[in-house]
There are 2 protein chains.
Amino acid sequence: MENKLDHADCPVTATIALFGGRWKLIILYVLSKNTRRFGEIQVRLPSISKKVLTEQLRELEADGLISRKQYKELPPRVEYALTDFGKSLCPLLIDIAAWQRKNIDNLIKVR
Amino acid sequence: MENKLDHADCPVTATIALFGGRWKLIILYVLSKNTRRFGEIQVRLPSISKKVLTEQLRELEADGLISRKQYKELPPRVEYALTDFGKSLCPLLIDIAAWQRKNIDNLIKVR
DNA sequence: AAAAGTGGTAACCTAAAAGTGACTAATGGA
DNA sequence: TCCATTAGTCACTTTTAGGTTACCACTTTT
């Protein structure tokens, strides 16, 4: 019989973990247009709190998708940008969006 | 200035909602190989409970990705299979897995 | 002297997702 | 008579993600 399976070592699950969750995709989207300061990201997300934004940025950074550059100024200035690895994700996201457009008619309305 | 953004109407978010979560991907994977009975799916997933498996199957069915066929027998027999819509997802999942293989070296080990 | 500006942290709370263990219906077989 | 079988349901607890509010550091501006 086939081996037993677990989501933990599913490559697709691992990939989606990079950009899944409530905010990561739009953060990546914002940064795909421009390098941005913390506050600039925040105003583009209608309702995210500082704590959550910080968390998401830290995780994206830990996964190597974005970079964080802190200037020695006061008041503080920190700039976030996509890394090359982060940029490599964009075509994949475009593929996913393309599938959605092609299959939107089959999509059942939201539960 | 650009409009404010929200994940709610992101097409990629909507797509991922179909197969995101802890178990849906491997369930789809199992069914991509064969039509399976409830119990057959369960033994292939090492640690899923009946309750959670039932929930996931119901959601996949509600989203039109799988079909459920119940036979009038006792003990009961129920067979799950990918729908055509479910099958249309497979190439996308293969794309995602391909991206992962190509970029696996950049992937930081699990947090 | 006080307030504004920036990028956070700390303590706490909440809702949703996931998990657990016991229970069920109806039949065939020992 | 009683047990096994299958695909669940029910009530409950735990875990996780996300959210709220208050506070801080240090300098410049008012």
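Throughout, a chain's letter reflects where its sequence line sits, starting with A, and its residues are numbered from 1. It should be emphasised that the depicted structure is a prediction, and the values quoted were computed from it without experimental measurement.
Nearest nucleotide to the B/Q56 side chain, out of D/dA7, C/dA18, C/dG8: C/dA18. Here D/dG8 is the nucleotide among C/dG8, D/dG8, D/dT6 with the atom lying nearest to any side-chain atom of B/K50. The side chain of A/R58 lies closest to C/dT9, out of C/dT9, C/dT6, D/dG8. Comparing atom distances between the B/W23 side chain and each of D/dT27, C/dG19, D/dG8 picks out C/dG19 as nearest. Counting only heavy atoms from C-beta on, A/K51 has its side chain closest to D/dT20 among C/dT6, D/dT20, D/dA7. When distances are taken from the side chain of B/P76 to each of C/dG19, C/dT6, D/dA7, the shortest belongs to D/dA7. Side-chain atoms of A/R68 lie closest to C/dG7 of the nucleotides D/dT20, C/dT20, C/dG7.
One can place CD of B/E55 at 9 Å from P of D/dT9, the figure rounded to the nearest angstrom. Look at CD on A/E59: it is 8 Å from P on D/dA17, rounded to the nearest Å. Rounded to a whole Å, the CD1 atom of B/I41 is 14 Å from the P atom of D/dT6. Between the P atom of C/dA17 and the CG atom of B/L53 lies a distance of 17 Å, rounded to the nearest Å. Per the geometry, NZ belonging to A/K72 stands 16 Å off C1' belonging to D/dC26, to the nearest Å. Rounded to whole angstrom, the span from the CD atom of A/E40 across to the P atom of C/dG8 amounts to 13 Å. Rounded to whole Å, atom P of D/dT21 lies 16 Å from atom CD1 of A/I48. Note: CZ (A/R77) to P (C/dA4) measures 23 Å, nearest angstrom.
Distances shown here put every side-chain N or O of B/R22 at or beyond 4.0 Å from the OP1 or OP2 atom of D/dT15. Between A/R37 and C/dG7 there is a side-chain polar atom (N or O) within less than 4.0 angstrom of OP1 or OP2.
Judged purely by distance below 3.5 Å, without hydrogens or angles, the side chains of B/Q42 and B/R44 never pair a donor atom with an acceptor atom.
Residue contacts for B/Y80: at a heavy-atom cut-off of 4.0 Å it reaches the sugar-phosphate backbone alone, with no base atom in range. Looking at heavy-atom distances under 4.0 Å, B/V78 makes contact with sugar-phosphate atoms alone, never a base.
Nucleotides of DNA chain D nearest to A/L74 and A/G21 differ in position, and the one nearer the 5' end is that of A/G21.
Ring geometry, B/W99 versus A/F85: the interplanar angle falls under 30°, so the pair is classed parallel (tilted spans 30 to 60°).
Partners of A/R77 by salt bridge (Lys or Arg N to Asp or Glu O under 4.0 Å), not counting sequence neighbours, listed by chain and number: A/E73, A/E79.
The partner of D/dT30, taking Watson-Crick or G-U wobble pairs whose two distances both stay under 3.5 Å, is C/dA1.
Between the CZ atom of B/R36 and the CD1 atom of B/I41 there is a distance of 9.0 Å, given to the nearest 0.5 Å. Here CD of B/E61 is found 11.5 Å from OG1 of B/T54. Values are rounded to the nearest 0.5 Å.
Counting all heavy atoms, side chain and backbone alike, A/L18 lies closest to A/L60 at O-CD2, 3.9 Å.
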